[in-house]
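Everything below concerns the one structure shown next.
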Amino acid sequence: MKLASVVSFEIVPTPPYDFELTIHKPAGWSLFSNYEVYQRGTMWTATSLVDTLAGVKLVSRGTVERPRITAKLFLKENPTRDKAKELRKTLVHDIGADEDLNDFYAMAKEDDILRLTLDDLYGMHNTMQSTVFPDAALSVLLQMAPMKRSGEMMDCFIKRYGDAAEFDGRKIWAWPRPERVARARPEEMAKACKLGYRAKRIVQMAKAIDEHGFPTMRELETMSADEAKAKLLELPGIGDYSADIVNPHGGFPIDVWSADVFGLLFFGREPENGREAVEKIKAEGLRRWGKWSWMAFYYVVQDLKNLSRKLNVKLRLS
DNA sequence: GCGTCCAGGTCTACC
DNA sequence: GGTAGACCTGGACGC
């Protein structure tokens, strides 16, 4: 889809804000799309903002302590003034520009594990999608598969069912929207992208969102953390782990891989059976970090190489 | 070359 | 309410 209408504005994030660490994360997590492009302080990506497909170009103009970002949104049609305002507000929130890291850093400086990440990741903010479906679908594609295969499933799913945003000389595929996936045939999806049993779950999830409606991330944020999680658990294919990935309040999403990482950090050794150890390790993370559990998880998994060196241990990389 | 196991979970039938 | 077993697929491993 060609996106020719352009809305430009400047964002002044809450410092410290490291553009590169936040927008192009060390562990390789995408900001909005697996197909986004990052080159020397500029990100081209695509996403659904306020139910509108948007090509997004972000250019860093400042420093960590005095951050400035020039943002351009590429849309199909000219937005109304109110819509443009809403798009801007949503993007600012989604790239973590309105997030204040000071309270988290005050806690992290006193923590034996987190304080080791602060030099490496100083100014890295949390980011999120504005709608639930991308992260929810992603979490289903992470289930019961090695990362390489999950990546292949995601790439195929996005290209086959997502929209291509054509803007600024780029063509970037955005995560599929639920209304389109809800109309897909699970058998066809399973065969085309080798999703196996996950295809049925993703289509059921898309139908649940499209046909019955579902809160946006902003709406989930207005609920309590437990209420938001309970709402997420209503979606087909979303269990405890996936809900903790999607929940905008954050959680402590321990799976077989992260059980090895946090088992080693908390108890000095990887568990013999990761699946059986998940509950114990999750409980320890929540006990230790409480409301900061998600930020702690985020900072640790983005810094595994450095942590391995500093602690002289072999943390499993993602 | 072939069989088995298992990977960044969730759901369901059964007790 | 608690839990064993099933679920797609493909790479790793042992033989």
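Values below: every heavy atom of this structure, side chains too, minus hydrogens, waters and symmetry copies.
Protein atom NZ of A:Lys200 is 16 Å distant from nucleotide atom P of C:dA6, rounded to whole Å. Per the geometry, CZ belonging to A:Arg201 stands 4 Å off C1' belonging to B:dT10, to the nearest Å. Atom CZ of A:Arg198 is separated from atom P of B:dC11 by 13 Å (rounded to the nearest Å). Here C:dT9 presents its P atom at 10 Å from CG of A:Leu195, a figure rounded to the nearest Å. The nearest whole Å value for the distance from the CZ atom in A:Arg316 to the P atom in B:dC6 is 14 Å. As a whole-Å value, the separation of A:Gln143 CD from C:dT9 C1' is 15 Å. Taking atom CD of residue A:Glu152 and atom C1' of nucleotide C:dT9, one finds them 10 Å apart after rounding to whole Å.
Nucleic acid contact for A:Ser242: sugar-phosphate only, since backbone atoms but no base atoms lie under 4.0 Å from a heavy atom of the residue. No contact: A:Pro253 has no heavy atom under 4.0 Å from any strand. Contact annotation for A:Ile238: backbone-only contact, meaning every heavy-atom pair under 4.0 Å involves sugar-phosphate atoms and none involves a base. Residue A:Asp260 is out of contact with every strand shown, counting any heavy-atom pair closer than 4.0 Å.
Below 30°, between 30° and 60°, or above 60°: for A:Trp294 and A:Phe297 the angle between ring planes is below 30°, a parallel geometry. Below 30°, between 30° and 60°, or above 60°: for A:Phe266 and A:Trp289 the angle between ring planes is between 30° and 60°, a tilted geometry.
A:Phe252 has its ring centre less than 6.0 Å from the ring centre of A:Phe262.
One cannot find a donor-acceptor pair under 3.5 Å joining the base of B:dC6 and the side-chain atoms of A:Arg275.
In this structure B:dG8 sits in no base pair that meets the Watson-Crick or G-U test at under 3.5 Å.
Heavy atoms only, all atoms of each residue included: A:Ser308 and A:Lys314 are closest at OG-C, 4.3 Å.
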